[in-house]
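Residue indices begin at 1 and follow the sequence shown.
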Amino acid sequence: MTKIRTDVLVVGGGLAGLCAAISSSSDQSETLIVTKTLVGDATTTSMAAGVISAVTAYGDSEDSVEKHLNDTLAGGANVNDKMLARAMVYDASKYFERLLELGIEFEGETMPRVNFIPGHSKPRSYVIKGKGIGLQHILRNAVMALGTKVMERTLITSLVKDGQRVVGAIGYSLEHNEIVEIKAKSTILATGGPGELYSRTLMPTGSTGYGPSLGFRAGAELVDMEFVQFYPTMVYEEALPRLFIDYSPLLRQGGDILDEDGVSVFKKENIDEPYKLKRDAFSLLLAKETIKENGHEKRIFLDCTRIKKGEIASNPMLSSHVEDLQSKRVPILERKIGISPYAHFFMGGFRADANGATTLLGLYVAGESMGGPHGANRIGGNAFAAAVSFGFRSGLAASLYSSTVEDPTEDAFDGPLCTVKNVLGDSGQIEASSIRRHIQDIMWEKVGLIRTRKGLEDAIIKLNSIREKAPSSKNPLDRLLIPMMIDTAEAVTLSAMVREESRGAHYRLDFPIALPEWQKRVVLKMKENECIVEFVPV
């Protein structure tokens with residue numbers, strides 16, 4: 001077993017984790033990044049389109065941070081944590097220049113080119129050259145230059161507490177096939193979103209929700225877990241790769257969504273400007289079109305055949321996106337393409353303050369691990385805005401905190417060590433891949449875009465049943481991840497069952513409208529090994 005000591009432990013190697021590490025290392029704290037894949041690679045950031053929304057000197061002179069804040073609150077159906085939303089938009093504007101100083105380049109000829117995304121009242125979104133993967137490589141270089149230590153292909157299996165304070169973690173190194181003990185004066189969870197809870201997602205393998213499970217088991221509070229954002233347009237057709245489709249510019253130039261009979265979905269619903277549709281409303285519209293009849297899920301198609309090539313050539317952002325799809329064998333302009341919504345982003349996460357401090361001493365969060373800034377629905381480009389803002393903020397806060405506390409005692413690690421040894425020693429009963437697929441199918445069918453109390457209750461029963469069967473796999477990672485995947489799936493399902501209304505990305509067929517009395521936030525916490533539900537007023 002390897003034993004390590006550090007000032008700041010960052011769990012996760014995506015955008016939020018890298019920004020946190022840059023911040024803490026710049027404050028002269030010894031910092032260690034631990035990631036189950038590779039730092040700056042195979043993360044949710046690496047799968048992203050690379051768009052950040054911020055008010056900058058390159059955008060509309062009549063825009064303001066207050067307008068960005070108002071758009072964020074309206075997009076979140078007014079159940080955002082307003083303090084977090086304000087911190088996000090102000091810091092995104094402030095840190096935009098820092099990204100430029102770090103070497104990040106944005107699309108545009110002589111200066112960063114500003115783009116419009118639905119949900120924003122002004123064009124304030126910027127596309128990073130090289131998208132998410134290019135951004136991460138630059139930030140990884142910056143992290144390494146600061147002397148930050150890195151431990152890759154290592155899964156954190158549990159957080160360690162000394163009293164009510166998080167003092168480190170236990171992990172398992174796939175590279176060395178051994179348990180790792182990490183003493184840390186402060187810990188930052190930047191584990192990205194649990195998109196792999198659903199059968200339809202573009203998130204990378206391993207995005208199973210281990211971050212929410214880690215903190216929740218340790219006693220940190222989760223909030224807004226019912227709010228799962230489904231992006232409306234993913235390529236969903238046999239023989240074609242599953243890829244993200246940026247719908248707004250395509251629909252603006254004459255693209256359309258057709259049902260199985262070739263009828264425009266927008267004409268049926270009298271929608272004149274579909275390119276302005278926000279993600280929650282658009283995804284729900286499409287989900288209703290695909291409701292099963294006699295066990296058959298109805299198909300929907302994106303038709304861009306009427307878009308003129310000259311119009312594409314005159315729009316750099318659209319041209320780049322179309323060329324990318326065509327280079328990957330998606331004939332977007334030649335024929336209609338089968339599409340489907342997919343699990344894209346989780347607005348829920350840990351309850352935290354503006355510095356990322358959770359309800360547990362010594363534990364901080366950043367990026368998609370934080371609940372609150374986006375409310376019931378995230379508008380475009382605010383994922384990167386939050387990752388950057390709270391990455392830098394949490395890194396500094398964790399660094400400052402680490403200089404105020406003593407090292408933990410060795411005894412604090414005994415219990416978590418015993419637990420992980422027991423899991424690794426259990427050969428399991430059912431193949432882990434089969435359990436994973438079962439969880440994903442349950443979540444898609446019962447806890448997806450359209451929810452009912454009966455479906456949610458069925459999901460809870462089935463997830464509890466799955467928990468009783470230990471996963472079997474030659475890969476220790478599977479045996480460790482599956483129980484954490486169930487934890488997060490149950491948190492999403494329970495929160496969705498509690499909120500008896502429809503708001504933002506959360507739609508209940510049995511409670512189809514937003515209700516004033518539900519303008520509050522659902523909080524989950526562990527108390528004496530029981531999950532307790534509480535409510536926080538907005």
Side-chain angles (χ1 to χ4, degrees), residues 47 49 117-119 195 198-203 228-307 312 318 321-322 324-326 328-345 377 380 440-441 443-452 455 502 504-509 512:
M47 307 298 291
I117 291 180
Y198 290 89
S199 56
R200 298 184 196 180
T201 185
L202 292 180
M203 295 302 102
V228 180
Q229 184 175 84
F230 295 84
Y231 194 87
T233 47
M234 171 184 75
V235 177
Y236 191 67
E237 186 177 313
E238 281 192 35
L240 291 183
R242 293 191 180 186
L243 297 170
F244 157 86
I245 299 177
D246 187 0
Y247 66 87
S248 183
L250 289 166
L251 298 182
R252 182 189 283 268
Q253 296 298 334
D256 203 352
I257 305 293
L258 309 179
D259 65 15
E260 284 187 336
D261 298 320
V263 178
S264 170
V265 170
F266 303 127
K267 287 182 180 178
K268 286 195 293 187
E269 299 295 330
N270 296 314
I271 298 172
D272 296 325
E273 297 179 313
Y275 60 89
K276 291 184 178 180
L277 284 170
K278 289 183 288 189
R279 297 169 181 183
D280 55 349
F282 194 4
S283 292
L284 181 59
L285 173 69
L286 298 186
K288 289 178 178 178
E289 283 290 327
T290 63
I291 291 176
K292 290 182 178 180
E293 289 184 357
N294 301 319
H296 165 69
E297 179 182 322
K298 292 185 287 185
R299 298 187 66 196
I300 48 176
F301 302 87
L302 174 64
D303 183 7
C304 296
T305 57
R306 290 180 296 174
I307 300 178
I312 295 173
L318 177 57
H321 184 54
V322 169
D324 184 54
L325 288 169
Q326 290 179 322
K328 294 170 181 171
R329 300 181 296 104
V330 178
I332 191 74
L333 302 179
E334 282 71 50
R335 63 174 177 84
K336 63 182 184 181
I337 303 295
I339 61 168
S340 171
Y342 66 97
H344 178 61
F345 186 89
N377 178 58
Q440 291 171 332
D441 289 342
M443 294 299 288
W444 182 259
E445 294 290 335
K446 308 291 186 180
V447 202
L449 281 140
I450 298 177
R451 302 165 172 176
T452 65
S502 293
H506 168 71
Y507 181 77
R508 287 281 297 265
L509 190 62

Point to revise | Short side-chain to backbone donor-acceptor contact, Ser283 and Asp280, under 3.5 Å | key: no

Review point. So how far is it from Lys288 NZ to Leu509 CG, rounded to the nearest 0.5 Å?
Key: 8.0 Å

Review point. With a 6.0 Å cut-off on ring centres, are Tyr198 and His344 close enough?
Key: no

Study note, to complete from the structure: Taking every heavy atom of Glu260 against every heavy atom of Glu297, the minimum-distance pair comes out as OE2-O, 4.2 Å

Check your understanding: How long is the span from the CD atom in Glu289 to the CD atom in Glu269, to the nearest 0.5 Å?
Key -> 6.5 Å

Practice item. Measure from NZ or CZ of Arg242 to the centre of the six-membered ring of Tyr342 and say whether it is under 6.0 Å with the direction within 45° of the ring axis. Key: no

Practice item. With the side chain counted from C-beta on, respond yes when Leu333 and Gln326 share a heavy-atom pair under 4.5 Å apart, and no when they do not. Key: yes

Practice item. With the side chain counted from C-beta on, respond yes when Leu302 and Ile332 share a heavy-atom pair under 4.5 Å apart, and no when they do not. Key: yes

Point to revise | Gap between atom CG of Leu449 and atom NE2 of His506 - 0.5 Å precision | key: 12.0 Å

Review point. What is the minimum heavy-atom distance between Ala343 and Trp444, and which atoms define it?
Key: N-CZ3, 4.4 Å

Study note, to complete from the structure: In terms of heavy-atom contacts, Tyr231 and Ile245 come closest through CE2-O, 3.2 Å

Exercise for review: Please examine the side chains of Leu250 and Val322, heavy atoms only from C-beta on, and report whether any two atoms are closer than 4.5 Å.
Suggested key: yes

Review point. Would Gln253 and Ile312 satisfy side chain to side chain contact (heavy atoms under 4.5 Å, CB included), going step by step from the backbone distance to the final call?
Key: CA-CA 8 Å; Gln253 296 298 334; Ile312 295 173; 6.0 Å; no

Point to revise | Residue pair Pro331 / Leu240: nearest heavy atoms and the distance that separates them | key: CD-CD2, 4.2 Å

Study note, to complete from the structure: All heavy atoms of Arg329 vs all of Pro241, minimum pair found to be NH2-CD, 4.1 Å

Practice item. Compare all side-chain heavy atoms of Ile339 with those of Leu286 and state whether any distance is below 4.5 angstrom. Key: yes

Check your understanding: Would Leu318 and Asp246 count as a side chain to side chain contact (heavy atoms under 4.5 Å, CB included) if you check the C-alpha gap in whole Å, the side-chain angles of each, and the deciding distance to 0.1 Å?
Key -> CA-CA 8 Å; Leu318 177 57; Asp246 187 0; over 6 Å; no

Practice item. Compare all side-chain heavy atoms of Lys268 with those of Val263 and state whether any distance is below 4.5 angstrom. Key: yes

Check your understanding: Should Leu284 and Ile450 be marked as a side chain to side chain contact (heavy atoms under 4.5 Å, CB included) after you check the CA-CA gap, both sets of side-chain angles, and the distance that decides it?
Key -> CA-CA 8 Å; Leu284 181 59; Ile450 298 177; 4.0 Å; yes

Check your understanding: Distance from Tyr247 atom OH to Thr233 atom OG1, nearest 0.5 Å?
Key -> 7.0 Å

Practice item. For residues Phe266 and Tyr275, establish whether the separation of their ring centroids is below 6.0 Å. Key: no

**Study point:** Closest non-hydrogen atom pair, Lys276 against Pro118
**Key:** O-CB, 3.7 Å

Exercise for review: Using atom types as modelled and distance alone, determine if a side-chain donor or acceptor of Thr305 lies under 3.5 Å from a backbone N or O of Arg335.
Suggested key: no

Check your understanding: Quick one: OG on Ser248 to CZ on Phe282, what's the gap to the nearest 0.5 Å?
Key -> 9.5 Å

**Study point:** Reported CD1-to-CG distance for the pair Ile307 and Leu251, which is rounded to 0.5 angstrom
**Key:** 8.0 Å

Check your understanding: Any ion pair linking Arg306 and Asp256 (charged N to carboxylate O, less than 4.0 Å)?
Key -> yes

Check your understanding: How about Lys267: does its NZ atom have over 12 heavy atoms from other parts shown lying under 6.0 Å from it?
Key -> no

Point to revise | Verdict with supporting geometry, Val228 and Val447, side chain to side chain contact (heavy atoms under 4.5 Å, CB included) | key: CA-CA 9 Å; Val228 180; Val447 202; over 6 Å; no

Exercise for review: Would you please say whether a donor-acceptor pair under 3.5 Å links the side chains of Gln229 and Asn377?
Suggested key: yes

